[in-house]
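See below for the structure under consideration.
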Amino acid sequence: MTEHLAVDGGTLAYEVTGSGPLIVLAHGMGDSRAAYRAVAPQLAAAGYRVAAVDLRGCGESDADWPQWSRTAIAGDLTALIRHLGGGPAVLVGHSISGGAATIAAAREPGLISAVVELAPFTRKQSVRLADLRVRRFRRGMARLLGAGVFGSRSLWRSYLDLAYPGVRPADWDERIARIDALLREPGRMKALRGMGRTTPADAGAHLAGVRCPVLVVMGTQDPDWADPHAEGAAIVDALPPGLGHLKMIEGAGHYPHGQFPDRVVALVLAFLRADAARA
């Protein structure tokens, strides 16, 4: 059941399933909370209260917002945690929301017990000449830039074709049709373009201030980086020693939770059990 929360700048849509410790699931740009449709039920069955949220501008949340930064998204996520009882919560963020989760954890350590970052943009990005020799990366970057510059739904769909290499969900056609329909709604493409123009430098500035355990999950075939492992390792290295853990999923692209939800859930639950054992 969709619920709504008014925050500074607009209203967020979310839904909650299960009972137990709180896990908040935040998706990437151009998407909706349906990105976690195969993950949320498994986490709820494992004994968690799972809140999946539509980011500002996305899904069923309001379309028009004054800003799209990771810092702004982090404020939305911590507002939701407070609204749902104050946590402490596990915060799961994909892509742009991975960076937002980093900021939230650093700024509100009392609200967040652990962070899971799925294919996150959490550091200032740079492109080397050698990166452009990687065809997967070169094609992905061109389609992402085109979708952002021209506001093109067809280029965004073309990017998603690369971002889900190999294994795809059984409802792939229905899923793509739904994403396309959402982006046709007034203001939704503006949100995607606004998020695409933001820099993850604000998240990178907070990595050293995180005080909770962090799991970074990357796909080996992610088109957003020439070397996904190196990107994940750099995030872990920027965290305080001992807090970060990197796991790679062979064959996954930019949406490991969409291609391999069972594997992602297994990694998350193992990470949380290990954290509980350490505590």
Side-chain angles (χ1 to χ4, degrees), residues 13 25-39 52-65 67-70 72-73 93-100 118-122 125 127 131-132 134-200 218-219 221-226 228 231 252-261:
L25 306 177
H27 61 81
M29 71 180 195
D31 214 329
S32 72
R33 66 185 190 267
Y36 290 105
R37 65 201 180 284
V39 169
V53 61
D54 287 330
L55 298 189
R56 52 176 57 204
C58 301
E60 297 180 77
S61 293
D62 285 350
D64 190 29
W65 295 75
Q67 57 177 313
W68 308 103
S69 69
R70 287 157 182 76
I73 294 170
H94 170 239
S95 199
I96 190 172
S97 289
L118 306 173
F121 277 93
T122 309
Q125 301 292 293
V127 178
D131 295 339
L132 297 177
V134 180
R135 183 170 182 266
R136 163 181 48 79
F137 171 71
R138 189 173 64 249
R139 295 172 69 203
M141 183 173 66
R143 295 178 194 190
L144 272 178
L145 288 174
V149 170
F150 300 109
S152 169
R153 296 191 315 278
S154 63
L155 282 173
W156 181 249
R157 291 194 304 270
S158 181
Y159 162 73
L160 291 176
D161 281 338
L162 285 177
Y164 282 81
V167 176
R168 289 179 175 174
D171 61 350
W172 173 253
D173 291 340
E174 177 184 345
R175 175 90 170 105
I176 292 300
R178 177 56 179 158
I179 289 172
D180 189 73
L182 284 171
L183 290 177
R184 289 175 183 270
E185 295 180 1
R188 303 300 184 194
M189 180 56 77
K190 177 185 175 182
L192 185 153
R193 299 175 75 184
M195 290 181 188
R197 286 193 293 265
T198 64
T199 169
M218 305 290 287
Q221 298 301 311
D222 193 327
D224 286 35
W225 294 279
E231 179 65 23
H254 194 59
Y255 295 80
H257 51 304
Q259 290 182 276
F260 301 100

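The closest donor-acceptor contact from the side chain of Trp65 to the backbone of Asp62 lies under 3.5 Å. Although no hydrogens or angles enter the test, the distance criterion places a donor-acceptor pair under 3.5 Å between the side chain of His27 and the main chain of Leu55. With Gln259 contributing its side chain and Val167 its backbone, the two residues share a donor-acceptor pair below 3.5 Å. Put simply, the side chain of Arg168 gets close to the backbone of Asp161: a donor and an acceptor are under 3.5 Å apart. The main-chain N or O of Leu25 is never found under 3.5 Å from a side-chain atom of His94 such that the two would form a donor-acceptor pair. A donor-acceptor pair under 3.5 Å links the side-chain atoms of Arg56 to the main chain of Gln67, judged by distance alone.
In this structure, the salt bridge (charged side-chain N to carboxylate O under 4.0 Å, His left out) partners of Asp31, at least two apart in sequence or on a different chain, are Arg175. Here Trp156 pairs with Tyr159 under the ring pair (Phe, Tyr, Trp, His ring centres under 6.0 Å) rule; sequence neighbours left out. Scanning for salt bridge (charged side-chain N to carboxylate O under 4.0 Å, His left out) contacts around Arg37 gives Asp171, with sequence neighbours left out. Residues passing the side chain to side chain donor-acceptor pair (under 3.5 Å) test with Ser97, sequence neighbours excluded: none. Residues forming a side chain to side chain contact (heavy atoms under 4.5 Å, CB included) with Glu60 (at least two apart in sequence, or on another chain): Thr2, Ala13, Arg33, Asp54. Annotation: side chain to side chain contact (heavy atoms under 4.5 Å, CB included) contacts of Val149 (sequence neighbours excluded): none. With sequence neighbours left out, the side chain to side chain donor-acceptor pair (under 3.5 Å) criterion links Glu231 to Arg123, Gln125. For Ser158, the side chain to side chain donor-acceptor pair (under 3.5 Å) partners two or more places apart in sequence, or in a different chain, are Arg143. Judged as a side chain to side chain donor-acceptor pair (under 3.5 Å), and not counting sequence neighbours, the contacts of Ser154 are Ser152. Scanning for salt bridge (charged side-chain N to carboxylate O under 4.0 Å, His left out) contacts around Arg157 gives Asp180, with sequence neighbours left out. With sequence neighbours excluded, the residues that form a side chain to side chain contact (heavy atoms under 4.5 Å, CB included) with Ala63 are Arg188.
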Applying side chain to side chain contact (heavy atoms under 4.5 Å, CB included), run through Ser32 and Leu182 and close with a yes or a no.
CA-CA 9 Å; Ser32 72; Leu182 284 171; 4.1 Å; yes
Verdict with reasoning, Met141 to Leu132, per side chain to side chain contact (heavy atoms under 4.5 Å, CB included):
CA-CA 9 Å; Met141 183 173 66; Leu132 297 177; 3.5 Å; yes
Can Trp68 and Thr198 be said to form a side chain to side chain contact (heavy atoms under 4.5 Å, CB included), step by step?
CA-CA 7 Å; Trp68 308 103; Thr198 64; 4.2 Å; yes
If you apply the rule side chain to side chain contact (heavy atoms under 4.5 Å, CB included), what do you find for His254 with Ser95, and how did you get there?
CA-CA 8 Å; His254 194 59; Ser95 199; 2.9 Å; yes
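Considering only heavy atoms from C-beta on, Val127 comes within 4.5 Å of Phe137 through its side chain. Looking at Asp131 and Trp225, their side chains never come closer than 4.5 Å, going by heavy atoms from C-beta outward. By the 4.5 Å heavy-atom criterion applied to side chains, Val39 and Pro261 are counted as neighbours. You'll find the side chain of Arg153 stays beyond 4.5 Å of the side chain of Leu192, heavy atoms only.
Taking SG of Cys58 as the reference point, atom CD1 of Ile73 lies at 7.5 Å (rounded to 0.5 Å).
Within the structure, ring pair (Phe, Tyr, Trp, His ring centres under 6.0 Å) contacts touching residues 162-197 (residues at least two apart or in different chains) are Tyr164-Trp172, Tyr164-Tyr255.
Contact record, Pro223 with Leu162: CG-O, 4.0 Å, taken as the closest heavy-atom pair. Residues Pro120 and Met218 approach most closely at CD-SD, 3.5 Å, considering heavy atoms. Ala119 and Pro256 get closest at one heavy-atom pair: CB-CD, 4.5 Å. Annotation for Ile179 and Gly30: closest pair CG2-O, 3.7 Å, computed over non-hydrogen atoms.
Around the CZ atom of Arg136, the shell of radius 6.0 Å holds more than 12 heavy atoms that belong to other residues, nucleotides or ligands.
Here the options are Lys190, Met195, Met189, the test is side chain to side chain contact (heavy atoms under 4.5 Å, CB included), and the partner is Arg193; only Met189 passes.
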